[in-house]
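As structure tokens, the structure follows; a few thoughts come after it.
Starting from 1, each residue takes its place in the sequence as its number. Side-chain atoms are counted along with the backbone in the values below, which use heavy atoms only and exclude waters and symmetry mates. Since we're looking at a predicted model, the values are computed, not measured.
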Amino acid sequence: MGKSNNWRAFKHRNYRILYPASTLSNIGNWAQRIAQDWLVLQLTGSALDLGLVTGLQFAPTLLFSVYGGMLADRFDKRKLLAITNAGAGLVSLLLGILVITKTVQISHVFVLAAVLGLFNAIDAPIRTSFTSELVGKADIPNAISLNSANFNVGRLIGPAVSGLLIAAFGTGPSFIMNAFTYVAMLLSLGSLKKDELHLSEKQLTKAKFMDAFHYLRNRPDIQAVMLTVFAAATFGMNYQIFNALMATQEFHKGPAEFGGLGTFLAVGSLTGAILSSRLERHRVPRRIMAGAIAFGLALIGLALMPTYLSYSFALPIGGAIALLTLVSANSYVQTTTESHIRGRVMGIYLTVFMGGTPLFSPVIGWLADVYGIRTTIIACGSLLVVSALAILVIYTARRSQVAATVRAAKLDD
């Protein structure tokens, strides 16, 4: 693939306008994640509470991501994104004020994490399906890779900045900083040109919830990809908890070192995002499942790292593998789904992607309290390997059976 093709999504003006604002917003979001985790540990010191906050933040995904997908297929996505970004910004601002005024309590963190999760749950399928309107179907795979790079630039910078801010001023400024990054998003959304959007010719006036499930019933390939993503996200994508507890309980480090782990992880994820733009033709179901197996093995290796330094250097490996796997899954679902139903399908995809987190995060916190964080990470990695391997075996068998049926039908003719 030529060098120019690696950046081809930037030929679209609307995409160029929104991209830098998204980068800034991602930096703020990652800064807030680190600050929120550290705030919980300051307030209670409980791994269970840390898992509960993470679970509450992602719980709305179970109920509202599909609804967000329905909205995406019915209304102007720019206006919807303006509402969700304004709401999330206000939540961040309120939490920052509570911390700075020293009135914050763990109950405030629980409630605001859930409210923020509500806005994010509705926002995610709208934002994801909006990519096709920004760049058109042909450039979706490249845009997804660039969006992943964007996300991981935020992961690279945000935790480091937040760690330094926490060490110097406490957690409050990280929340305030994130609140102001949403202003850039709102300004950018207002600058987009509607006549340059790639709108679907088949616009629905009444998107039905069940249409997406009927569509997926006939797509065993997407079903298998979604199950793989569920396993990878539920058992593997818990670095917030893993890093917080490894930094504090195993290595006895402070907020700057904790933030640094996020930066090390982002190095690997960003590398994976860059590589993914060169591997678009390899985004097929069985490679996605193989990637999930490799991710689980990387997690097991991570848990065995004896020192903070070795753990830090091992983080990028798992980050790169996870990113390559998830970008491939996201791209495959979007590019093989019809445009008029893409919002609802992505709503289901994101529900599957995040759905296990609110249920399993408290379990991870409890396991870490009872058995230790190293044993917990090994268990999570092992569950991911077994799950992804089972999906791969079943999918390969079904694929062979379908192919054999088709061949037999042709012979009968």
Closer than 3.5 angstrom, by distance alone: can the side chain of [X] be matched with the main-chain N or O of [Y] as a donor-acceptor pair?
X: Ser25; Y: Ala21; answer: no
X: Ser331; Y: Val327; answer: no
X: Arg127; Y: Leu81; answer: no
X: Thr44; Y: Leu41; answer: no
X: Thr396; Y: Val393; answer: no
X: Ser129; Y: Ile126; answer: yes
X: Thr54; Y: Leu50; answer: yes
X: Gln223; Y: Leu216; answer: yes
X: Asn142; Y: Arg8; answer: yes
X: Asn14; Y: Lys193; answer: yes

Which heavy atom in [X] sits nearest to a heavy atom in [Y], and how many Å separate them?
X: Leu146; Y: Ala9; value: CD1-CB, 3.8 Å
X: Met177; Y: Gly28; value: CE-CA, 4.3 Å
X: Ala329; Y: Val225; value: CB-CG1, 3.7 Å
X: Ser387; Y: Ala231; value: CB-CB, 3.9 Å
X: Ala322; Y: Met237; value: CB-SD, 4.0 Å
X: Ala31; Y: Ser174; value: O-CB, 3.8 Å

[atom1] of [X] to [atom2] of [Y]: how many Å apart, nearest 0.5 Å?
X: Tyr311; Y: Leu304; atom1: OH; atom2: CG; result: 11.5 Å
X: Thr171; Y: Ile176; atom1: OG1; atom2: CD1; result: 10.0 Å
X: Phe264; Y: Ile317; atom1: CZ; atom2: CD1; result: 12.5 Å
X: Ile377; Y: Asn238; atom1: CD1; atom2: CG; result: 9.5 Å
X: Glu196; Y: His12; atom1: CD; atom2: NE2; result: 10.5 Å
X: Leu323; Y: Ile321; atom1: CG; atom2: CD1; result: 11.0 Å

Practice problem: Go through Phe180 and Leu24 one step at a time and tell me if the side-chain contact (heavy atoms from CB on, under 4.5 Å) criterion holds. | Solution: CA-CA 10 Å; Phe180 281 101; Leu24 188 61; over 6 Å; no
Quiz item: Would Leu187 and Val183 count as a side-chain contact (heavy atoms from CB on, under 4.5 Å) if you check the C-alpha gap in whole Å, the side-chain angles of each, and the deciding distance to 0.1 Å?
Solution: CA-CA 6 Å; Leu187 292 174; Val183 176; 4.2 Å; yes
Side chains of [X] and [Y]: does their closest heavy-atom pair fall under 4.5 Å?
X: Arg286; Y: Tyr395; value: yes
X: Arg287; Y: Ser328; value: no
X: Tyr349; Y: Ile222; value: no
X: Asp49; Y: Phe110; value: yes
X: Gln32; Y: Ser162; value: no
X: Val352; Y: Met226; value: yes
X: Arg219; Y: Thr336; value: yes
X: Phe175; Y: Leu39; value: yes

Quiz item: Judged by modelled atom types alone, do Tyr15 and Asn147 share a side-chain donor-acceptor pair under 3.5 Å?
Solution: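 On atom types as modelled, these side chains qualify, holding a pair under 3.5 Å.
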Practice problem: List the steps and the verdict of side-chain contact (heavy atoms from CB on, under 4.5 Å) for Gln36 and Val53. | Solution: CA-CA 9 Å; Gln36 180 176 278; Val53 168; 3.4 Å; yes
Quiz item: Do the ring planes of Tyr239 and Phe295 sit parallel (below 30°), tilted (30 to 60°) or perpendicular (above 60°)?
Solution: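 Correct class here is tilted.
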Quiz prompt | Given Asn85, Asn29, Thr84, the one that forms side chain to side chain donor-acceptor pair (under 3.5 Å) with Tyr182 | solution =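 For Tyr182, the side chain to side chain donor-acceptor pair (under 3.5 Å) check succeeds only for Asn29.
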Exercise. Give the intermediate values and the outcome of side chain to side chain donor-acceptor pair (under 3.5 Å) for residues Thr307 and Ser310.
Key: CA-CA 5 Å; Thr307 66; Ser310 61; 3.0 Å; yes
Quiz item: Taking it one step at a time, do Asn150 and Ser22 satisfy side chain to side chain donor-acceptor pair (under 3.5 Å)?
Solution: CA-CA 7 Å; Asn150 180 321; Ser22 297; 4.6 Å; no
Quiz prompt | Test: Arg78 and Asp76 ion pair at under 4.0 Å | solution =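 Looking at Asp76 together with Arg78, the answer is yes, because their closest N to O distance falls below 4.0 Å.
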Quiz item: Run the side-chain contact (heavy atoms from CB on, under 4.5 Å) check on Thr128 and Asn330 step by step: do they pass?
Solution: CA-CA 9 Å; Thr128 303; Asn330 188 324; 4.3 Å; yes
Exercise. Step through it carefully: locate the ring centre of Phe353, locate the ring centre of Phe230, and say whether they are under 6.0 Å apart.
Key: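 Distance test on ring centres: not under 6.0 Å, no.
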